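Below: the structure, in structure tokens.
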Amino acid sequence: MNPCMLAPSIIASDMGRLAEEIAMCEAAGAHWLHVDVMDGHFVPTISVGPLFVEACKRSTRLPLDVHLMLEHPQDHIESFARAGANNLTIHIEACENPLRTIERIHSLGCTAGITLKPATPAASLEPVLPLVDLVLVMSVEPGYSGQKFMEGMIGKVREMRGRLDSLGSRAHLEVDGSINVETLPRMKEAGANIFVAGSAVFKHKEGTEAGVKSLLAQLD
Ligand code: DX5
Ligand code: ZN
């Protein structure tokens, strides 16, 4: 079983104080940093690009987990890899040739993740599961931080856990979307081991460090 890890989603931070926010995550014991890239097409919103990943890289030693909510991700993976991404996760719905894109991510020296929108069935990942290092189950519609948790995604995590186990896969099973002190233990019980959290970290009423620590306390 992979270790349980916390990946704060930096899109929910106070970006005017980016380096400070990242330093607080690191000091409080976060394991990875999650960066949400949104293109205004695959999802309605626009967020950040490779320059932002590069800025994060300069501020931290934490691995950068880059979630590409982009059409044609194959056209952009090289610039994100060069910017310092450690893991690149692509959406199955957005990718014309997922197998080739995953190979390309590996050839650039990154680990490769695959993800799917809440309405996309777990079975759609079957052809790529043997190749990936990470599977991300979204528990909100991709595009925004601060949405309501989709209860139905607990069953999808359980199903994905079963599929990975039956393949003998060592891939991480990550969850993203409204992960907080209440939903994290339920996703963990269902078989997830990496927990992405935006609001529960950066909008915590006692600050970012307290947000990280409150979630880390749920990982044991
Ligand atoms: C949603 C993003 C998430 C989001 C998480 O499109 O992929 O990473 O920032 O934020 P919360 O934890 O607030 O749902
Ligand atoms: Zn994300």
Side-chain angles (χ1 to χ4, degrees), residues 5-15 18 21-22 25 28 30-49 52-53 56 62-71 73 76-77 80 85-94 110-120 132 134-154 156-157 172-188 192-205 207-208 210-216 218-219:
M5 299 197 284
L6 180 68
S9 177
I10 198 70
I11 204 83
S13 72
D14 175 356
M15 289 205 199
L18 180 66
E21 292 275 56
I22 292 176
C25 288
H31 301 90
W32 286 6
L33 204 64
H34 183 85
V35 182
D36 287 305
V37 176
M38 306 171 183
D39 68 352
H41 295 282
F42 181 69
V43 291
T45 30
I46 295 179
S47 61
V48 296
F52 182 84
V53 172
C56 293
L62 295 181
L64 299 181
D65 174 31
V66 179
H67 177 189
L68 296 175
M69 286 164 267
L70 295 181
E71 302 281 5
H76 303 282
I77 52 178
F80 283 101
N86 297 86
N87 179 72
L88 286 170
T89 294
I90 56 171
H91 270 267
I92 192 77
E93 307 89 348
C110 298
T111 57
I114 191 79
T115 186
L116 69 183
K117 291 180 173 182
T120 304
V132 292
L134 179 149
V135 175
L136 166 59
V137 174
M138 294 296 302
S139 39
V140 298
E141 243 1 285
Y144 306 90
S145 195
Q147 300 180 73
K148 193 173 174 308
F149 184 71
M150 297 173 79
E151 294 285 334
M153 296 303 110
I154 296 177
K156 197 175 192 181
V157 170
H172 293 292
L173 183 45
E174 182 177 60
V175 286
D176 182 9
S178 198
I179 298 300
N180 55 38
V181 290
E182 190 262 324
T183 56
L184 189 155
R186 298 165 70 208
M187 288 299 223
K188 179 168 178 279
N193 78 290
I194 303 184
F195 304 90
V196 175
S199 312
V201 167
F202 296 105
K203 309 282 189 260
H204 191 281
K205 57 184 186 321
T208 297
V212 169
K213 286 181 181 157
S214 69
L215 294 171
L216 287 178
Q218 304 294 325
L219 294 186

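All values derive from a computational prediction rather than experimental measurement. Atoms within a ligand are numbered from 1 in the order they appear, just like the ligands themselves.
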**Prompt:** If only atom types and distance count, is the side chain of Ser139 paired as donor or acceptor with the main-chain N or O of Phe149 below 3.5 Å?
**Reply:** no
**Prompt:** Side chain of Ser47, backbone of Met38: donor and acceptor closer than 3.5 Å?
**Reply:**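 Pair found, side chain donor or acceptor close to backbone of Met38.
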Give the residue, atom name and distance (to 0.1 Å) of the protein heavy atom nearest [atom].
atom	result
atom 1 (C) of ligand 1	Tyr144 O, 3.5 Å
atom 11 (P) of ligand 1	Ser145 OG, 3.6 Å
atom 5 (C) of ligand 1	Asp176 OD1, 3.5 Å

Output the list of atoms in ligand 1 that are nearer than 4.0 Å to some heavy atom of [X], sorted by atom number.
X	result
Met138	7 (O)
His34	8 (O)
His67	7 (O)
Ser9	4 (C), 8 (O), 9 (O)
Met38	6 (O)
Ile11	9 (O)
Gly177	14 (O)
Asp36	2 (C), 3 (C), 4 (C), 7 (O), 8 (O), 9 (O)

Could you identify the N, O or S atom of [X] positioned closest to the Zn ion (ligand 2)?
X	answer
Asp176	OD2
Asp36	OD1
His67	ND1

**Asked** Does ligand 1 have any atom that is closer than 4.0 Å to a heavy atom of Lys203?
**Response** no
Kindly indicate whether the side chain of [X], heavy atoms from C-beta on, has any atom under 4.5 Å from the side chain of [Y].
X	Y	answer
Gln218	Phe195	no
Val137	Leu173	yes
Val196	Val175	no
Met150	Lys156	no
Val43	Tyr144	no

**Message:** Going by the closest heavy atom to atom 6 (O) of ligand 1, which one wins out of Gly146, Gly143, Ser178?
**Reply:** Gly143
**Item:** Option set Ala200, Ser13, Gly198, Ser199, criterion heavy-atom distance to atom 13 (O) of ligand 1, minimum
**Value:** Ser199
**Request:** Would you please say whether a donor-acceptor pair under 3.5 Å links the side chains of Ser9 and Asp36?
**Result:** yes
**Prompt:** Can you name the one residue among Asp65, Asn86, Asn87, Thr89 that meets side chain to side chain donor-acceptor pair (under 3.5 Å) with Thr111?
**Reply:** Asn87
**Request:** Take the angle between the ring planes of His67 and His91 and call it parallel below 30°, perpendicular above 60°, tilted in between.
**Result:** parallel
**Asked** Roughly how far, to the nearest 0.5 Å, is NE2 of His204 from NZ of Lys213?
**Response**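 Between atom NZ of Lys213 and atom NE2 of His204 there are 11.0 Å.
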